[in-house]
A.B. asks: 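There's a structure below that I have some questions on.
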Amino acid sequence: MKYYITTPIYYVNDKPHIGSTYTTVAADILARAHRLRGDNTFFLTGTDENSQKSVVAAEKSGKNLDVYLNEMAAIWENTWKELGVSFDDFIRTTEERHHKAVDRFWKAVEKSGDIYKDTYERHYCVGCEDFKTDSELNKDDRCPLHPNKDLDLVQEENYFFKASAYKDDILQLFHNHQNFIQPPKRLNEIRSYVKNGFADFSISREAKKVTCGIPVPGDDSQRIYVWFDALINYMSAVGYGTDDELFKKWWPANLHLVGKDIIKFHCALWPAMIMSAAKNDPLLQNDDGSPKLPEQIFAHGFFTIEGQKMSKSLGNVIDPLELAKEYPFDAIRYFFFREIGFGNDGNFDRARIAERYQSDLANTLGNLLNRAVNMSRKYFDGKVPLVSLDSQIHKLSDSSWGDVEAVETLWQQVDEYYKTARIDLALEAIWNGEGASLILANRLVEETKPFKLIKEDPEKTALVLYTLLEFCRNVAWMIEPVMPKISADIIKQLGQNPNIIHQTKFTDLKKWGGLEPGSDLPEPKILFPRLGE
RNA sequence: CGCGGGGUAGAGCAGUUGGCAGCUCGCCAGGCCCAUAACCUGGAGGUCGUGGGUUCAAGUCCCACCCCCGCAACCA
């Protein structure tokens with residue numbers, strides 16, 4: 001199985017902040033989850049540089065546009081690297097490969113007869129980078145999203161994309177593939193948009209008015225509108241227009257991860273564009289001739305910072321690299337997806353991070369590992385207790401612990417949740433699930449009291465402790481996508497090498513008994529030191 | 001009739017197909033002592049925004065209404 005996942009490409013008029021980090025980390029988690037499961041995974045992120053916003057930002061900084069773009073793209077790429085984001089490729093829309101892809105795509109759409117020239121006079125909102133029809137304006141004839149911004153009255157001849165011709169096909173797509181857009185509330189939202197307002201798009205600007213953008217093939221007097229070129233990045237990164245074999249390998253994307261603000265472009269315009277181009281490009285067709293559309297688009301929510309909207313003037317925009325100095329970045333990743341239902345809006349609250357860190361991570365997970373390792377070392381000569389791996393023996397029937405079968409069930413749930421991008425539910429199950437979970441593992445200690453049991457029944461004590469240690473090993477792999485560093489630390493504390501991930505099949509990795517009875521346990525280290533000490 | 005989100009225990013949140021209202025934190029009481037003053041048990045605390053309706057049964061479906069949040073720029 002192959003898995004191709006993308007983040008949106010980010011505007012480079014500023015450096016990454018906590019919001020773009022959230023999106024990127026979400027994609028990273030899903031990519032890691034698929035990699036761990038043996039899927040051939042390709043994770044793409046990058047920068048959207050053909051925007052007038054870049055030009056303005058470059059001017060403001062007093063730098064030459066190219067210099068500015070190069071610097072900013074490097075900042076984005078390096079930020080993700082420093083945070084340990086496991087992207088496989090970083091696409092810039094100023095790259096040659098992207099221009100080639102756009103060129104090919106445009107020509108295919110043109111050949112389909114879906115590009116036409118028209119002269120018109122309309123209001124253009126610089127804030128939205130979009131034209132506004134009269135019905136989209138507020139009472140004062142201003143952009144409802146940017147009421148303080150003067151609208152430009154634009155009169156020019158542009159190329160248009162005949163999006164309206166695909167209205168029915170798009171609605172049919174939504175109908176046939178209920179999972180095309182997640183979560184479902186976004187599908188409802190976009191469906192009503194397509195039904196009521198999916199009009200033809202202007203997809204070019206007069207070159208003399210914009211100082212950036214890809215030239216329209218065959219017409220140097222026009223530049224391609226930024227959204228039309230931007231979406232194509234998902235194809236150009238996997239060889240469209242430059243490497244057919246590569247493209248066939250990866251396209252279509254399995255998941256476009258986007259913020260809720262840009263679903264219109266991804267869920268409606270993008271499929272329409274592909275439908276059009278596919279008519280005249282066999283590379284974009286399935287065997288039956290239907291267009292190769294992305295499998296799914298997942299729209300996540302936004303969050304406020306301590307209850308307030310993130311904004312520069314309020315000074316609450318958070319630099320992820322700074323934040324990573326305050327808390328271990330894995331803890332931030334955990335917080336994002338434990339605290340906020342994936343797809344919902346949420347609130348970024350430091351007190352809650354500290355709470356989650358102390359309670360869920362330190363007290364529940366860290367302490368469990370620590371007490372299990374300590375007891376094993378103390379009672380079993382510094383080793384993993386020597387038990388028979390015969391599953392018959394692994395019955396701790398006088399406790400509420402669900403045993404091996406329950407761990408297998410938990411794995412099934414976790415796999416399913418990662419597959420459906422419900423990272424929040426996966427974590428919930430690992431911590432609070434029934435049958436086997438971190439909470440129940442801690443309860444098992446209370447129920448069996450190995451620290452007393454050791455004097456009466458060493459054999460059973462060995463079983464209990466092995467169960468705890470082996471469960472920690474399982475949990476380490478369950479949380480690996482969310483907390484890769486912590487996961488590796490746990491594996492190491494259990495005396496194993498985290499790199500076995502590269503030589504071991506996933507099915508073996510998650511099989512009960514992966515921890516070798518009688519193997520050495522290194523001296524435990526505190527996994528989550530108390531904050532502020 | 002601009003767009004969108006939301007109103008569930010003190011706080012923060014879950015609640016797919018309608019079927020005795022859950023989770024985490026906090027609080028109170030108790031237990032335990034292996035462990036990061038950590039762990040476990042029990043308890044108090046909610047008329048699920050309001051009013052109607054459908055149903056044997058609604059937080060969950062339908063209608064109306066009230067209230068809160070975001071929407072200059074930055075911006076996932």
Side-chain angles (χ1 to χ4, degrees), chain A residues 7-8 10-11 13-14 16-27 53 57 126-127 135-140 142-150 183-186 189 192-193 257-263 299-304 307-315 317 338-341 344-347 349 351-352 354-356 358-379 400 420 422 424-425 428 431-432 439-454 461 464-465 468 524-531 533:
Chain A
T7 72
Y10 304 105
Y11 283 133
N13 50 353
D14 204 355
H17 56 66
I18 199 70
S20 37
T21 304
Y22 178 66
T23 314
T24 307
V25 166
K53 290 179 185 179
V126 183
S135 65
E136 286 172 321
L137 299 177
N138 68 13
K139 293 171 209 145
D140 304 324
R142 303 181 78 84
C143 171
L145 277 70
H146 308 92
N148 285 8
K149 194 117 195 155
D150 284 336
K185 63 182 171 190
R186 298 300 169 200
E189 188 181 331
S192 74
Y193 159 71
L257 190 63
V258 301
K260 64 176 182 177
D261 56 332
I262 50 176
I263 54 176
H300 68 250
F302 284 179
F303 48 78
T304 48
Q308 285 184 310
K309 181 175 164 56
M310 160 168 34
S311 91
K312 275 190 178 168
S313 59
L314 286 172
V317 173
R338 182 66 197 282
E339 181 81 0
I340 303 169
N344 293 344
D345 287 341
N347 184 31
D349 185 324
R352 293 292 294 171
E355 209 172 294
R356 288 286 185 189
Q358 201 49 247
S359 173
D360 295 2
L361 297 180
N363 297 353
T364 302
L365 172 58
N367 186 49
L368 175 70
L369 176 72
N370 203 235
R371 67 202 302 211
V373 170
N374 270 307
M375 282 191 279
S376 297
R377 281 169 53 90
K378 197 178 288 183
Y379 308 144
S400 51
T420 53
R422 289 307 302 269
D424 53 321
L425 295 181
E428 167 76 20
W431 260 259
N432 284 321
I439 296 269
L440 291 178
N442 275 313
R443 184 182 296 169
L444 178 62
V445 177
E446 302 307 320
E447 287 176 341
T448 56
K449 299 195 195 321
F451 39 87
K452 273 189 176 168
L453 194 63
I454 185 62
T461 307
V464 170
L465 291 177
L468 294 173
K525 282 186 222 99
I526 297 296
L527 208 50
F528 299 98
R530 294 185 72 77
L531 290 173
E533 284 179 10

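Predicted model only: the values in this text are computed from it and were never measured. In what follows, chains are A, B, ... by sequence order, proteins preceding strands, each numbered from 1. Every heavy atom of this structure was used, including side-chain atoms; hydrogens, water molecules and symmetry mates were not.
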A.B. asks: List for me each residue that meets side-chain hydrogen bond (donor to acceptor under 3.5 Å, both in side chains) alongside Tyr10(A), sequence neighbours excluded, and say none if there are none.
C.D. replies: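 Here the qualifying residues are Thr24(A).
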A.B. asks: Who are the ring pair (Phe, Tyr, Trp, His ring centres under 6.0 Å) partners of Phe303(A), not counting sequence neighbours?
C.D. replies: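 For Phe303(A), the residues satisfying ring pair (Phe, Tyr, Trp, His ring centres under 6.0 Å) (neighbours in sequence not counted) are Tyr22(A), Phe336(A).
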A.B. asks: Report the residues that fulfil side-chain hydrogen bond (donor to acceptor under 3.5 Å, both in side chains) with Asn347(A), sequence neighbours left out, ordered by chain and then residue number.
C.D. replies: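 Asn347(A) satisfies side-chain hydrogen bond (donor to acceptor under 3.5 Å, both in side chains) with Thr304(A) once adjacent residues are dropped.
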A.B. asks: Sequence neighbours excluded, which residues qualify as salt bridge (Lys or Arg N to Asp or Glu O under 4.0 Å) partners of Asp261(A)?
C.D. replies: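 Salt bridge (Lys or Arg N to Asp or Glu O under 4.0 Å) list for Asp261(A), sorted by chain: empty.
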A.B. asks: If you measure from the C1' atom in U8(B) to the same atom in C23(B), how many Å do you get, rounded?
C.D. replies: 12 Å
A.B. asks: Find which nucleotide of RNA chain B each of Lys260(A) and Glu428(A) is nearest to by heavy atoms, and output the residue with the more 5' nucleotide.
C.D. replies: Lys260(A)
A.B. asks: Please measure how far the P atom in C75(B) lies from the corresponding atom in A38(B), and state the result in whole Å.
C.D. replies: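 Going atom to atom, P in each nucleotide, I get 42 Å.
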A.B. asks: Look for any protein N or O under 3.5 Å of an N or O in nucleotides 14-17 of chain B and output each such pair with its distance, or none.
C.D. replies:
from	atom 1	to	atom 2	distance (Å)
A14(B)	OP1	Asn344(A)	ND2	2.8

A.B. asks: Take atom CG of Leu440(A) and atom P of C39(B), then tell me their distance rounded to the nearest Å.
C.D. replies: 14 Å
A.B. asks: Take atom CZ of Arg186(A) and atom P of G4(B), then tell me their distance rounded to the nearest Å.
C.D. replies: 10 Å
A.B. asks: In whole angstrom, give me the gap between the C1' atoms of G18(B) and C62(B).
C.D. replies: 13 Å
A.B. asks: Can you sort out the partners of Asp349(A) under salt bridge (Lys or Arg N to Asp or Glu O under 4.0 Å), two or more places apart, ordered by chain and number?
C.D. replies: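 Here no residue qualifies.
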A.B. asks: Just to be sure I understand the rule, does Phe303(A) reach a base, reach only the sugar-phosphate, or reach nothing, if contact means heavy atoms closer than 4.0 Å?
C.D. replies: base
A.B. asks: Take atom C1' in A35(B) and the same atom in G6(B), then report the distance between them in whole Å.
C.D. replies: 42 Å
A.B. asks: Can you check the distance between C34(B) and C25(B), where both ends of the measurement are the P atom (answer in whole Å)?
C.D. replies: 24 Å
A.B. asks: Between U24(B) and G15(B), how far apart are the two P atoms, rounded to whole Å?
C.D. replies: 16 Å
A.B. asks: Using the test salt bridge (Lys or Arg N to Asp or Glu O under 4.0 Å), find all partners of Glu339(A) that sit at least two apart in sequence or belong to another chain.
C.D. replies: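 Residues passing salt bridge (Lys or Arg N to Asp or Glu O under 4.0 Å) with Glu339(A): Arg352(A), Arg356(A).
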A.B. asks: Suppose we screen for side-chain hydrogen bond (donor to acceptor under 3.5 Å, both in side chains). Which residues come up paired with Thr7(A), at least two apart in sequence or across chains?
C.D. replies: Thr45(A)
A.B. asks: Starting at the 5' end of RNA chain B, write a dot or bracket for each base, bracketing those in Watson-Crick or G-U wobble pairs whose two distances are under 3.5 Å and using | for partners on another strand.
C.D. replies: .((((((..((((.....[..)))).(((((.......))))).....(((((..]....))))))))))).....
A.B. asks: Under 3.5 Å, side-chain donor or acceptor atoms of residues 361-370 of chain A against the rest of the protein: list the pairs with distances, not counting sequence neighbours.
C.D. replies:
from	atom 1	to	atom 2	distance (Å)
Asn363(A)	ND2	Gln358(A)	O	3.3
Thr364(A)	OG1	Ser359(A)	O	3.1
Asn370(A)	OD1	Asn374(A)	ND2	3.4

A.B. asks: With rounding to whole Å, what would you report as the distance between C39(B) and G46(B) at their C1' atoms?
C.D. replies: 29 Å
A.B. asks: Determine whether Glu428(A) and Arg338(A) satisfy the following criterion, side chain to side chain contact (heavy atoms under 4.5 Å, CB included), listing intermediate values before the conclusion.
C.D. replies: CA-CA 7 Å; Glu428(A) 167 76 20; Arg338(A) 182 66 197 282; 3.2 Å; yes
A.B. asks: Taking only residues two or more places apart in sequence, or in another chain, which ones meet Arg377(A) in a side-chain hydrogen bond (donor to acceptor under 3.5 Å, both in side chains)?
C.D. replies: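 By the side-chain hydrogen bond (donor to acceptor under 3.5 Å, both in side chains) rule, Arg377(A) matches no residue at all.
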A.B. asks: Could you tell me if the side chain of Ile340(A) sits less than 4.5 Å from the side chain of Asp424(A), heavy atoms only?
C.D. replies: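 Not in contact.
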A.B. asks: Send over the distance from Asp261(A) CG to G5(B) P, rounded to a whole Å.
C.D. replies: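 Distance check: Asp261(A) CG to G5(B) P gives 14 Å.
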A.B. asks: From C40(B), U24(B), C74(B), pick the nucleotide closest to the side chain of Arg443(A)?
C.D. replies: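 The closest nucleotide is C40(B).
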A.B. asks: What integer number of Å spans the P atoms of G45(B) and A9(B)?
C.D. replies: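 Between the two P atoms, the distance is 14 Å.
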A.B. asks: Counting any heavy atom closer than 4.0 Å, what does Gly259(A) reach on the DNA or RNA strands: base, sugar-phosphate only, or nothing?
C.D. replies: sugar-phosphate
A.B. asks: Could you point out which residue of Val445(A), Ile454(A), Thr448(A) forms a side chain to side chain contact (heavy atoms under 4.5 Å, CB included) with Val464(A)?
C.D. replies: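 Answer after filtering Val445(A), Ile454(A), Thr448(A): Thr448(A).
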A.B. asks: State whether the aromatic ring of Phe302(A) stacks on the base of A76(B), taking stacking to mean ring centres under 5.5 Å apart and ring planes under 30° to each other.
C.D. replies: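 Yes, the aromatic ring of Phe302(A) stacks with the base.
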A.B. asks: Which parts of nucleotides 25-37 of chain B does protein reach within less than 4.0 Å, heavy atoms only, written one letter per nucleotide 5' to 3' as B for base, S for sugar-phosphate only and - for none?
C.D. replies: S-----BSSBBB-
